[in-house]
Number of protein chains: 2
Amino acid sequence: MIPTIEWRGKHVRMIDQRRLPQSIEWHTCRTYIDVIKAIESMVIRGAPAIGIAAAMGLALGAGSIKMKSGFKKRFDEMSGRMIKARPTAVNLRWAVERMGLVAEKMAVMPLEAIQKELKEESQRILDEDIEINKKIGEYGQHVVPRQAAILTHCNAGALATGGYGTALGVIRAAHEIGKKVRVFADETRPWLQGLRLTAFELMQEGIEVTVIADSAAGYLMRQKKADLVITGADRIAANGDVANKIGTYQLAVLARENVIPFYVAAPLSTIDLSIKSGDMIPVEERNGNEILYFGRRMIGPKGVKAFNPAFDVTPCKYVSAIITEKGLVKAPYRAGIKRVFAK
Amino acid sequence: MIPTIEWRGKHVRMIDQRRLPQSIEWHTCRTYIDVIKAIESMVIRGAPAIGIAAAMGLALGAGSIKMKSGFKKRFDEMSGRMIKARPTAVNLRWAVERMGLVAEKMAVMPLEAIQKELKEESQRILDEDIEINKKIGEYGQHVVPRQAAILTHCNAGALATGGYGTALGVIRAAHEIGKKVRVFADETRPWLQGLRLTAFELMQEGIEVTVIADSAAGYLMRQKKADLVITGADRIAANGDVANKIGTYQLAVLARENVIPFYVAAPLSTIDLSIKSGDMIPVEERNGNEILYFGRRMIGPKGVKAFNPAFDVTPCKYVSAIITEKGLVKAPYRAGIKRVFAK
């Protein structure tokens with residue numbers, strides 16, 4: 001599997017996810033601003049992956065600071081800008097805060113030691129993320145029947161994380177222990193992460209995958225062609241409401257209507273205890289041109305407007321369980337989430 | 001407005017809907033086979049429009065028959081092939097049967113008279129369709145509040161009919177009498193009829209339109225940004241179940257979940273009394289490449305499969321009313337549909 005993001009000496013490089021799967025291009029970031037731009041422009045996407053990118057970006061930023069005096073102020077500025085790269089996925093803020101704690105803890109040390117430690121911390125965030133995904137997979141595979149057709153949305157795979165994946169981690173784990181899984185991947189407009197990334201990852205793994213238009217998910221469920229739905233998450237509120245890629249809410253409603261379990265796989269770093277309910281999660285609206293253009297080609301009539309929310313919020317009542325690295329959380333979610341954090 | 005389809009002397013021409021709105025190209029059909037190919041390949045689409053095309057195609061076919069002996073056999077053969085061009089929209093069969101009745105009635109007449117009458121009948125089907133749409137609009141506009149945000153799917157407009165449209169006919173009629181309507185158009189993958197055709201028609205009419213990804217429809221409804229949903233239909237069973245563009249079922253479920261009325265606008269020729277319930281409506285599966293390719297460019301990973309049902313069936317329990325040229329039909333639908341046919 002291609003690494004989603006990695007240190008290459010003094011630079012960070014990431015696979016350009018806008019070009020996959022037709023071409024495999026590395027995108028090198030030399031400054032923290034390069035990383036912010038890469039996150040904003042979807043070179044890298046997926047809540048855990050942008051958390052890792054943010055950490056590495058701050059390590060790059062810290063590395064560029066020449067004098068110890070004023071380090072904290074400059075680092076905090078960089079952190080403030082990094083956090084704004086995308087508003088919905090809370091992993092970004094989580095990673096920035098974790099890097100901030102390291103910077104604080106190291107404050108008395110020489111500049112070079114702080115810089116080295118921040119770089120190492122960013123690598124630890126990456127390494128831990130892969131371990132966490134594997135644990136999510138271990139817990140999650142139990143919800144997958146021996147033979148199962150699984151519907152997923154967007155890409156919550158290796159490319160959305162440090163590696164292995166959350167929703168796709170569960171699918172991988174089920175496949176690895178010999179369960180017969182077949183996957184239906186929503187193409188996931190407008191960026192087509194399902195068609196381009198999820199299908200690509202699963203084919204590399206030898207897992208059977210069939211792409212469908214986002215509009216066909218309900219039909220699929222009504223035809224009893226999907227046994228369960230699993231998605232990732234960009235932010236989960238303290239009450240269990242889930243912000244995830246636009247279209248997730250629809251899937252959850254349709255799953256309930258068709259009596260199909262709907263699971264969310266996510267690390268604890270995606271759970272935002274500071275937010276009481278999903279209504280308070282900021283939903284990013286991206287440029288309408290993402291819908292109107294294909295590459296440089298305008299598809300719609302001249303001057304047409306588009307509304308392009310990148311995420312939606314699924315009320316927890318539609319969620320069968322949240323699969324974390326510390327086990328499954330089920331309703332009532334507020335209590336369950338508290339418990340899992342106390343583990 | 002550009003005519004969807006028309007007679008030009010001995011030939012039938014139609015606007016090539018695959019090229020809209022970027023280019024306005026006429027597609028000329030000289031034989032009934034040309035018409036079948038145009039229907040199959042989506043040069044023309046929309047249940048009422050392909051009914052009209054089928055009628056004109058049979059008139060072309062009849063016109064090519066050189067001898068009266070064997071006319072009926074040859075005409076029936078052509079009819080059989082025409083009916084198979086696309087399986088879901090019943091208007092195709094309806095139009096073919098109507099042309100068959102004319103051929104039968106005219107059987108004793110000279111060949112040229114039969115041919116002339118069939119051509120005229122096809123023009124009558126077109127003219128009547130526009131009148132029917134206007135009546136649907138008149139009845140339907142009553143369900144539209146004075147100020148309304150309306151969500152629609154695919155294109156059930158002038159381009160899907162002889163002119164004016166069914167779902168868009170209702171919107172046009174509401175606009176014409178001065179109601180303040182704003183439309184959200186689902187882009188409607190894979191063919192993007194919403195983005196390319198519905199947005200185009202509404203902008204020409206001066207009706208405010210905003211395109212959304214199909215996945216954003218649920219979010220829109222949950223945010224209370226849509227007051228009602230209106231779609232067209234490809235076939236309605238005797239119990240009121242509605243086959244329409246893939247994704248319609250999802251909209252209907254989401255509308256009910258969010259307490260938003262869901263209307264279907266369709267002429268009586270779309271109602272198939274011979275089919276008891278929606279489960280018996282054949283759902284066309286089209287080539288997966290419609291999802292995997294954009295123009296000639298493959299988007300997904302090499303060798304990936306796609307499942308591409310072109311329609312789905314919405315159980316009548318989700319439908320607030322069916323708007324026909326003879327008024328609104330509401331639940332219980334079986335009785336209501338019988339009544340409207342008796343009018």
Side-chain angles (χ1 to χ4, degrees), chain A residues 20-22 153 184-190 192 195-196 199-200 203-204 208-220 222-223 225 245-251 253-254 256-258 283 288 290-292 294-295 297-309 311-313 315, chain B residues 20-22 153 184-190 192 195-196 199-200 203-204 208-220 222-223 225 245-251 253-254 256-258 283 288 290-292 294-295 297-309 311-313 315:
Chain A
L20 287 175
Q22 300 313 333
H153 191 61
F184 286 100
D186 277 350
E187 62 171 1
T188 317
R189 285 281 292 154
L192 300 170
L195 169 56
R196 295 188 302 105
F200 174 62
M203 286 177 82
Q204 286 202 324
E208 189 184 336
V209 58
T210 304
V211 176
I212 59 168
D214 301 316
S215 272
Y219 176 76
L220 200 81
R222 194 159 173 268
Q223 298 281 100
K225 289 189 176 167
K245 176 58 53 203
I246 188 74
T248 304
Y249 162 67
Q250 304 191 176
L251 293 181
V253 170
L254 288 157
R256 200 181 62 164
E257 189 76 6
N258 289 284
V283 169
E290 292 182 354
I291 294 173
L292 303 176
F294 187 88
R297 195 167 140 201
M298 168 67 161
I299 310 303
K302 212 180 155 197
V304 71
K305 288 184 300 182
F307 172 56
N308 184 22
F311 303 94
D312 59 26
V313 175
Chain B
L20 286 175
Q22 300 313 333
H153 191 60
F184 286 100
D186 277 351
E187 61 172 1
T188 317
R189 285 280 292 153
L192 299 170
L195 169 56
R196 297 188 300 105
F200 174 62
M203 287 177 80
Q204 286 203 321
E208 189 185 336
V209 58
T210 304
V211 176
I212 60 169
D214 301 316
S215 272
Y219 176 76
L220 199 82
R222 192 157 175 269
Q223 298 282 101
K225 289 189 176 168
K245 177 56 53 202
I246 188 75
T248 303
Y249 162 67
Q250 305 192 174
L251 293 181
V253 170
L254 288 157
R256 200 182 62 165
E257 189 75 6
N258 289 284
V283 169
E290 292 182 354
I291 293 173
L292 303 176
F294 187 88
R297 195 166 141 200
M298 167 68 161
I299 309 303
K302 212 182 155 197
V304 71
K305 287 184 301 181
F307 172 56
N308 185 22
F311 303 93
D312 60 25
V313 174

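In what follows, chains carry the letters A, B, and so on, assigned in the order in which the sequence lines appear, proteins first and then strands, with residues in each chain numbered from 1.
Summarising the geometry of B/Val211 relative to A/Leu292, their closest heavy-atom pair is CB-CD2, 4.5 Å, with the distance given to 0.1 Å. Of all the heavy atoms in B/Tyr249 and A/Tyr219, the pair that sits closest is CD2-N, 4.0 Å. Nearest heavy-atom pair across B/Gly300 and A/Leu195 is CA-CD1, 3.5 Å. The shortest non-hydrogen separation linking B/Ser215 to A/His153 is OG-CE1, 3.8 Å.
Note on B/Arg297, B/Lys302, B/Arg196, B/Glu257: by heavy-atom pairs under 4.5 Å with chain A, the leading option is B/Glu257. Comparing B/Val313, B/Thr248, B/Val304, B/Ile299 by heavy-atom pairs within less than 4.5 Å of chain A, the highest count is held by B/Ile299. Among the candidates B/Ile212, B/Thr188, B/Leu20, B/Thr210, the residue making the largest number of heavy-atom pairs closer than 4.5 Å to chain A is B/Thr210. When each of A/Gly303, A/Ala213, A/Ala216 is scored by its heavy-atom pairs under 4.5 Å with chain B, the top score falls to A/Ala216. Top candidate by heavy-atom pairs under 4.5 Å with chain A, chosen from B/Phe200, B/Phe307, B/Phe294, is B/Phe294. Among the candidates B/Met203, B/Gln250, B/Lys225, the residue making the largest number of heavy-atom pairs closer than 4.5 Å to chain A is B/Gln250.
Contact annotation for B/Glu208: only side-chain heavy atoms (C-beta onward) come within less than 4.5 Å of a heavy atom of chain A. With a 4.5 angstrom heavy-atom cutoff, B/Ala217 touches chain A via backbone and side-chain atoms both. At a 4.5 Å heavy-atom cutoff, the contact between B/Val283 and chain A is made by side-chain atoms alone. Looking at A/Ile246, the atoms closer than 4.5 Å to chain B (heavy atoms on both sides) sit in the backbone and in the side chain alike. Using a 4.5 Å cut-off between heavy atoms, A/Leu220 contacts chain B through its side chain alone, with no backbone atom that close. With a threshold of 4.5 angstrom between heavy atoms, B/Leu192 approaches chain A through side-chain atoms but not through N, CA, C or O.
Annotation: side chain of A/Asp214 is not in contact with side chain of B/Arg189 (no heavy-atom distance under 4.5 Å). Taking 4.5 Å as the limit, every side-chain heavy atom of B/Asp312 sits out of range of all side-chain heavy atoms of A/Arg222. Annotation: side chain of B/Pro190 is not in contact with side chain of A/Glu187 (no heavy-atom distance under 4.5 Å).
A donor-acceptor pair under 3.5 Å is absent between the side-chain atoms of B/Gln22 and the main chain of A/Pro301, judged by distance alone.
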